[in-house]
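The structure under discussion appears below in the form of C-alpha cells.
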Amino acid sequence: MLQIQTIREKSDFVIKELKRKNFDAATIVDQILSLDAQRKAAQLEHDNLKAEKNAASKEIGQLFKSGQVDAANQLKENMGALGEKIDALVEQMRQFEQALEAELVQLPNIPHSSVPSGNSDEDNEVVFQVEEVPTLDDTALPHWELAAKYQLIDFETGVKLTGSGFPLYTGKGARFQRALISYFLDQATEAGYLEVQPPHLVNEASAFGTGQLPDKEGQMYHATQDNFYLIPTAEVPITNIHRDDLFKEADLPKKYTGYTPCFRREAGSYGKDVRGLNRLHQFDKVEIVQFVLPEQSYDALEDMKNHVEGLLKNLGLPYRILRLCGGDVSFASALTFDFETYSAAQKRWLEVSSVSNFEAFQSNRMKIRYRPNSTEGKAKTQLIHTLNGSALALPRIVATLLENNQSPEGIHVPEVLQPYTGFSMIR
RNA sequence: GGAGAAGUGGCCGAGUGGUUUAAGGCGCACGCCUGGAACGCGUGUUGGGUGCAAGCCCUCGCAGGUUCGAAUCCUGUCUUCUCCGCCA
C-alpha cells in the first residue's frame, strides 16, 4: 500500500510512474485525494465537538463534586444533541476511512527507476546469462521420466492421495529434496539469516499484510472453518513476524530464512508446460527475508541477488538473471530479479527464484516502523523496507538437476549436496 | 472440548465511574555533577491523527453497549495461565 502522504504530495508523479506498470491510476488517485480531504474535514469537526464535550463532562464532574446538582443537570441537558452530532461524524469518518483504504489497496507499488518498460515477460531485461547452455543427445529424458525410471517421484500415488500437483517423493527422491532444503538453509545461515520454522497456516491479518488479500484470495487454499489460509510462500508468515513492530535504528537489518511447503491453487493451469515438477499445488521452498533501513534496501537487494546466484553456481546449474519489466513486476514489488535455470531436456528456461524489494509497500500495510537516531528530541517514526527472495524453490531445481546431470550411468549429484544426500549418483 | 482466573506504556506494576491530562519502579535519552566514569540529582520517554506552533482528538488485548463522563460497569471475541478431559 502506498503512503497517503506520497499521493498527497506528488499525485502526478504517482500516476506517471504507475503507467510504467501499465496501470492507469488517474481515477483512483482523484478519488483518494477527495476522500482524504473529506475525511480530514470530518475529523476536524469531530475533534472540535469532542473537545467541547470532554470539557463539559469534566465540568459536570466538578459541579457534582461541589454539590451544585442543578447546574450539573442543566449542563447535561445539552449533551444529548452534541453526542448525536459526534456519533454521526464518527460514522462519517469510518466510512471515509474505509472508502479511502479500499481505493488505496488497489494501487500497485511504484516501480524503481531501473525497471524497463514493457508489457510481458518478453520485455524483461536479461542482466546476466551463462555463455552457453548444455545440450543433451536425443536419448535424454525429461525429468518426469527420469523420476519414474529411478523411482524418485510417484505422481500417480500423489493423485490418489490428494490430486494432481501433489507429488509423492520416494526413496532417493525424498532424500534428495531433504538434502537441498538442508543445504539451502545452511547457506542462508552462513550468510547471516536467522533460521525460523513458521506456521504453515496464517490468519487473515497476515495474508493481508503481505498483500495476498484482498487481491489474490483465489490463489490460496482457505480453511474456512477456522478462517486460516495455507501459505503460498514463507514470505507471508516470516514478513508478518514484525507486523506492528517499532524498531530502533540499531535493531536493523533483520534477516530471516525458513523452509516451508508452499500451497497454491493455480486454478486452470494444465497441459505440457505444467507437466511433472514444472508447476505444483504443493512444493518446497527456502525463503530469505530482510527488514532494512530505507536507504539500505537496494544494497540488500543486491546482497540477496548475489546469495541466490552463489547457490546456482555451486549447484553447477546454467542460469540467467532477469530484471522484470513494468508489465511483469508484481503488484507489491518495486524491483524484482527473476532467476531461471535452463532445463536441457525440455529446452527451456524455468523460473527458480524471484528476489524483490518492496520498499515501504508491505511495511505500510503491516505498520513496521523504526525510529531514526536523532541528536535532538525524538525523530518521527518511519516505515522500514522489506525484501524477500526464494533461495531456492525446489521443484524446478530438482527438475533441471535431474535432466542436466543425466548420463547412461545414472544421475550425478552435485558435490555440494553429497554430504547431505550420502550418495553421489542416483542409479 | 469443560470449569475458573487474567490481559494496563519498551519491561514490571498500581488503579473497581469524575484533579488518572494512567501512580511508582526498571530500562532508555539528554543535561548537571566528574580529570573520566560509576553513584547521585534534574528533565524527558506509548503509539497514531491534525496543526507553523501551542494545542486539540483517538489509543489500557480487540469489537460493541450503558453513561454527561469508562482502564474501571455490561455483552461478544481473541490470547495467556491453572485444573479436568483428550493427545503426538
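Atom set for the values below is all heavy atoms of this structure, side chains included, hydrogens, waters and symmetry mates excluded. Naming convention: chains lettered A, B, ... in sequence-line order (proteins, then strands); numbering from 1 in each chain. These numbers come from a predicted model, not from an experiment.
Residue whose closest nucleotide on RNA chain B sits further toward the 5' end, between Q62(A) and A55(A): Q62(A). Each of G61(A) and K76(A) was matched to the nucleotide of RNA chain B holding its nearest heavy atom; the match closer to the 5' end belongs to G61(A).
Listed pair K40(A) / G51(B) meets the phosphate criterion, a side-chain N or O lying under 4.0 Å from OP1 or OP2. Between N54(A) and C57(B) there is a side-chain N or O to OP1 or OP2 distance below 4.0 Å. Between C56(B) and K50(A), no contact under 4.0 Å exists linking OP1 or OP2 to a side-chain N or O. At least one side-chain nitrogen or oxygen of R369(A) sits closer than 4.0 Å to the OP1 or OP2 atom of G48(B).
Applying the 3.5 Å distance criterion, the base of G49(B) shares a donor-acceptor pair with the side chain of D47(A).
With rounding to the nearest 0.5 Å, the separation of CD in E145(A) from CD in Q406(A) is 9.5 Å.
Atom C1' of nucleotide G48(B) and atom CG of L100(A) are separated by 15 Å, given to the nearest angstrom. Atoms CG (N227(A)) and P (C78(B)) sit 12 Å apart, rounded to a whole Å. Q5(A) has its CD atom 11 Å from the C1' atom of G49(B), to the nearest Å. Rounded to an integer number of Å, the gap from CG of N364(A) to P of G48(B) is 13 Å. In this structure, the CD atom of E91(A) is 17 Å from the C1' atom of C58(B), given to the nearest Å. Atom-to-atom, CG of D244(A) to C1' of U59(B) comes out at 13 Å; the value is rounded to the nearest Å. Rounded to an integer number of Å, the gap from CZ of R39(A) to C1' of G51(B) is 13 Å. Spacing between atom CG of N203(A) and atom P of G61(B) amounts to 20 Å, rounded to whole angstrom units.
To the nearest whole angstrom, the two P atoms, one in G85(B) and one in G18(B), are 45 Å apart. Only the P atoms considered, C74(B) is 15 Å distant from G4(B), to the nearest whole Å. Here the separation of A70(B) from G65(B), taken at their P atoms, is 12 Å to the nearest Å. With both ends at atom P, the span from G15(B) to C81(B) equals 24 Å, rounded to whole Å. Comparing G24(B) with C33(B), their P atoms sit 27 Å apart, to the nearest whole Å. Annotation: A22(B) and C57(B) have their P atoms spaced 12 Å apart (nearest Å). As rounded to the nearest Å, U19(B) and G69(B) have P atoms that lie 15 Å from one another. One C1' atom belongs to C86(B), the other to G1(B), and the distance between them is 8 Å to the nearest Å.
With no hydrogens or angles considered, a side-chain donor-acceptor pair links E235(A) and Q362(A) at under 3.5 Å.
Using a 4.0 Å heavy-atom distance criterion, K248(A) is classed as making no nucleic acid contact. L246(A) comes within 4.0 angstrom of the backbone, heavy atoms only, and of no base. Looking at heavy-atom distances under 4.0 Å, R94(A) makes no contact with the nucleic acid at all. Contacts of K367(A) with the nucleic acid, taken as non-hydrogen atoms under 4.0 Å apart, are absent.
Distance from the side chain of T381(A) is smallest for G48(B) among the nucleotides G48(B), C57(B), U50(B). If you check G48(B), G49(B), C68(B) against the side chain of Q43(A), the one that comes closest is G49(B). Set against C57(B), G47(B), G18(B), the side chain of A51(A) has C57(B) as its closest nucleotide.
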### Steps toward side-chain contact (heavy atoms from CB on, under 4.5 Å) verdict (E302(A), N306(A))
CA-CA 6 Å; E302(A) 195 61 22; N306(A) 291 337; 4.2 Å; yes

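A donor-acceptor contact shorter than 3.5 Å links the side chain of T400(A) to the backbone of I397(A). S333(A) places no side-chain N or O within 3.5 Å of a backbone atom of V329(A) that could act as its donor or acceptor partner.
Remark: A63(B) base-pairs with U75(B). Criterion, Watson-Crick or G-U wobble with two distances under 3.5 Å. Across every strand in view, A29(B) sits in a pair with U43(B) that passes the Watson-Crick or G-U test at under 3.5 angstrom.
The cationic group of K255(A) lies under 6.0 Å from the six-membered ring centre of Y193(A) and within 45° of the ring axis, placing it in a cation-pi geometry. Cation-pi geometry between K248(A) and Y370(A) is not satisfied (NZ or CZ under 6.0 Å from the ring centre, within 45° of the ring normal).
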